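If you're wondering where the values come from, they're calculated on a predicted model, not measured in any experiment.
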Amino acid sequence: MSEYGDFSMGHESGGLEQLHQEAGSEQDYNSQFGVFGQDHSAAESTDFETGRHVEFTGADGSHFESTDYTSYSNDSTESDSVFAAEGSESSHFAEFSGLDALRAQFDTSFAEGTQLSGGDAGLSIASA
């Protein structure tokens with residue numbers, strides 16, 4: 001101990017290491033489809049029959065006979081069809097990850113001392 005009291009100096013250091021990790025992902029999906037359809041159908045059916053019969057016998061004994069017969073039949077069908085399809089499909093997936101390392105060094109220096117002094121009131125300790 002010197003006449004100035006106790007006096008000391010020192011040095012401290014501390015370190016901080018930290019790892020910071022980020023991770024994320026995204027995903028999307030898209031689907032589009034379109035369908036077009038057209039259909040046309042027609043049917044026709046026509047049937048008719050007509051007949052005529054004439055028979056004549058005269059006074060003189062003459063005989064006349066006539067027969068006309070007409071038969072008509074028409075069956076027709078028509079069909080049209082159009083069909084279209086279009087589609088698309090897509091998907092996307094992405095991931096990311098990051099890792100950061102942080103190292104920080106903290107240095108501190110300090111000085112402290114105590115002083116003993118004597119006086120009329122007695123001894124006292126003063127800290128600076």
Side-chain angles (χ1 to χ4, degrees):
M1 188 148 95
S2 67
E3 64 183 81
Y4 298 108
D6 290 332
F7 186 78
S8 64
M9 292 185 65
H11 180 81
E12 291 183 2
S13 66
L16 173 68
E17 291 189 22
Q18 179 182 1
L19 293 178
H20 179 72
Q21 183 174 6
E22 289 183 0
S25 66
E26 70 178 21
Q27 180 176 353
D28 55 34
Y29 175 78
N30 184 18
S31 174
Q32 285 185 322
F33 286 95
V35 175
F36 170 75
Q38 183 178 2
D39 191 8
H40 169 75
S41 295
E44 180 183 343
S45 178
T46 305
D47 292 313
F48 70 88
E49 294 181 5
T50 183
R52 183 180 71 143
H53 179 72
V54 176
E55 187 173 341
F56 175 74
T57 302
D60 61 354
S62 64
H63 184 73
F64 175 75
E65 186 176 345
S66 172
T67 302
D68 291 328
Y69 186 78
T70 304
S71 176
Y72 178 77
S73 178
N74 179 24
D75 293 322
S76 64
T77 61
E78 179 181 333
S79 178
D80 297 327
S81 181
V82 175
F83 181 80
E86 179 182 350
S88 68
E89 186 175 21
S90 64
S91 66
H92 171 257
F93 182 76
E95 281 189 30
F96 68 91
S97 178
L99 181 65
D100 294 331
L102 173 66
R103 175 161 175 80
Q105 184 71 29
F106 302 103
D107 290 329
T108 58
S109 299
F110 66 90
E112 66 180 34
T114 59
Q115 179 181 352
L116 293 177
S117 62
D120 295 338
L123 293 177
S124 65
I125 299 177
S127 296

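With values rounded to the nearest 0.5 angstrom, Ser25 atom OG is found 7.5 Å from Gln27 atom CD. Annotation: the span from Gln32 atom CD to Glu89 atom CD amounts to 11.0 Å, rounded to 0.5 Å. Taking CZ from Phe56 and CD from Glu65, the interatomic distance works out to 13.0 Å, rounded to the nearest 0.5 Å. With values rounded to the nearest 0.5 angstrom, Phe93 atom CZ is found 9.5 Å from Glu26 atom CD.
Here the closest heavy-atom approach between residue Asp39 and residue Asp80 is recorded as OD1-O, 3.0 Å. For the pair Tyr29 and Ser91, the tightest heavy-atom approach, listed with the atom from each and the gap, is CD1-CB, 4.0 Å. In this structure, Thr46 and Asp75 approach most closely via the heavy-atom pair N-OD1, 4.4 Å.
Looking at Ser62 and Phe64, their side chains never come closer than 4.5 Å, going by heavy atoms from C-beta outward. Looking at Glu49 and Tyr69, their side chains come closer than 4.5 Å, going by heavy atoms from C-beta outward.
Looking at Asp47 and Ser73, their side chains do bring a donor and an acceptor atom within 3.5 Å of each other.
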Next item on the list: Check the pair Glu78, Glu44 against side-chain contact (heavy atoms from CB on, under 4.5 Å), reporting the backbone distance first and the verdict last.
Entry: CA-CA 9 Å; Glu78 179 181 333; Glu44 180 183 343; over 6 Å; no
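Residue-environment remark: CD (Glu55) exceeds the threshold of 12 foreign heavy atoms within 6.0 Å.
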